[in-house]
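Here is the structure we will look at.
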Amino acid sequence: MPAHVACVMDGNGRWAAQRGLPRTEGHIAGEEALFKVVNGALEVGLRWFTVYAFSTENWRRPPDEVRFLMNFNETLLARRRDELNRRGVRIRFAGRTDRRIPRRVQRAMDEATALTESNRTMTLTLAFNYGGRAEIVDAVRAIVRDEVPAARVNERTIGSHLYYPDMPDPDLVIRSSGEHRLSNFFLWELAYSELMFSPRYWPDFSSADLYEAIIEYQRRSRRYGGV
Ligand code: FPP
């Protein structure tokens, strides 16, 4: 079993466009898919599951969609937080705090994090206002602030200054919707991850697709540069 699976939930907008619906309907359908997949992940005993929910570049999307996604984050927590808590899920957010995140939304994120802090069945990390390059910049800033001498900086130093030093690197990354790129997701952490690309738009992604990806992962041989 992979210890950590991460998903780039891509294709909500195109799923909606295909049906003549506004993009926001795609995000609503994407939320349903997300929680089905989270249930699937819990059922197979996955310990770490991360989804890319909003990137540092997604502020460039139309203002209406950005506003929707910000508020949607709060709605999503209001709807799912207690159930996730009951099931032993620790909820975390990885990303930059930002004044553009409405205060109410930030509060809901902080409350969900605090409420579920001691859960250990699975850690669900939402990468929100997350950018891989921004995370590396933030790590470098923290190292400079800690006055670490240049000669003592190594990979472990960087790793221990990332947003969640205790998070294992993803073993498997799945991007939906047929796009074959990382789009600034976990650039440091994905150095040796297995990558998979599903042609399905995210709202059509299911636990069965997750299981298929895990089975494919189990067939792969990871060498980490060795033989
Ligand atoms: C990266 O592609 C994809 C993401 C950062 C995920 C975006 C997903 C959402 C906004 C939907 C959130 C999901 C739910 C369930 C509400 P990109 O589009 O940022 O980058 P690209 O331009 O390189 O494709």
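Both backbone and side-chain heavy atoms feed into the values below; hydrogens, waters and symmetry mates do not. In each ligand, atom 1 is the first atom listed, and ligand 1 is the first ligand listed.
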- Does R61 count as lying over the ring of W59, i.e. NZ or CZ under 6.0 Å from the six-ring centre, within 45 degrees of the axis? no
Over 60° means perpendicular and under 30° means parallel, so tell me whether F185 and Y130 are parallel, tilted or perpendicular. perpendicular
Exercise. Aromatic rings F186 and H4: how do their planes relate, parallel, tilted or perpendicular, breaks at 30° and 60°?
Worked result: perpendicular
Report the C-alpha distance between R175 and S198 in whole Å, list the side-chain angles of each, state the deciding distance to 0.1 Å, and finish with yes or no for side chain to side chain donor-acceptor pair (under 3.5 Å). CA-CA 6 Å; R175 180 168 183 152; S198 163; over 6 Å; no
For [atom], which protein heavy atom lies nearest, and how many Å away is it?
atom: atom 11 (C) of ligand 1; result: N12 ND2, 3.4 Å
atom: atom 3 (C) of ligand 1; result: V8 CG1, 3.6 Å
atom: atom 19 (O) of ligand 1; result: N58 ND2, 2.9 Å
atom: atom 8 (C) of ligand 1; result: M9 O, 3.4 Å
atom: atom 6 (C) of ligand 1; result: Y52 O, 3.3 Å
atom: atom 9 (C) of ligand 1; result: A53 O, 3.5 Å

*Test Y217 against R219 for side chain to side chain donor-acceptor pair (under 3.5 Å), laying out the working first.*
CA-CA 5 Å; Y217 167 85; R219 283 198 210 105; over 6 Å; no
Residue part near ligand 1, for [X], under 4.0 Å between non-hydrogen atoms:
X: F185; result: neither
X: N184; result: neither
X: R181; result: side chain

Residue set satisfying side chain to side chain donor-acceptor pair (under 3.5 Å) with R200, at least two apart, ordered chain then number -> D209
Min over H27, R175, R23, E32 of heavy-atom distance to atom 2 (O) of ligand 1 lands on R175
From R60, R61, E57 - option closest to atom 17 (P) of ligand 1 by heavy atom
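The residue whose heavy atom sits nearest atom 17 (P) of ligand 1 is R61.
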- Query: Going by atom types only, do R92 and T123 share a side-chain donor-acceptor pair under 3.5 Å?
  - Reply: no
Quiz item: Does the pair D110 and T113 meet the rule for a side chain to side chain donor-acceptor pair (under 3.5 Å), with working shown?
Solution: CA-CA 5 Å; D110 295 342; T113 306; 5.3 Å; no
With heavy atoms of [X] as the reference, note each atom of ligand 1 found under 4.0 Å away.
X: G30; result: 15 (C)
X: E31; result: 15 (C)
X: F72; result: 16 (C)
X: L69; result: 10 (C)

With sequence neighbours left out, the residues meeting ring pair (Phe, Tyr, Trp, His ring centres under 6.0 Å) with W188 are none
Could you check if a side-chain atom of F68 sits within less than 4.5 angstrom of a side-chain atom of I28, using non-hydrogen atoms only?
yes
* Does any N or O atom in S183 lie less than 3.5 angstrom from one in ligand 1, N or O only? ->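 N/O-N/O distance below 3.5 Å exists for this pair.
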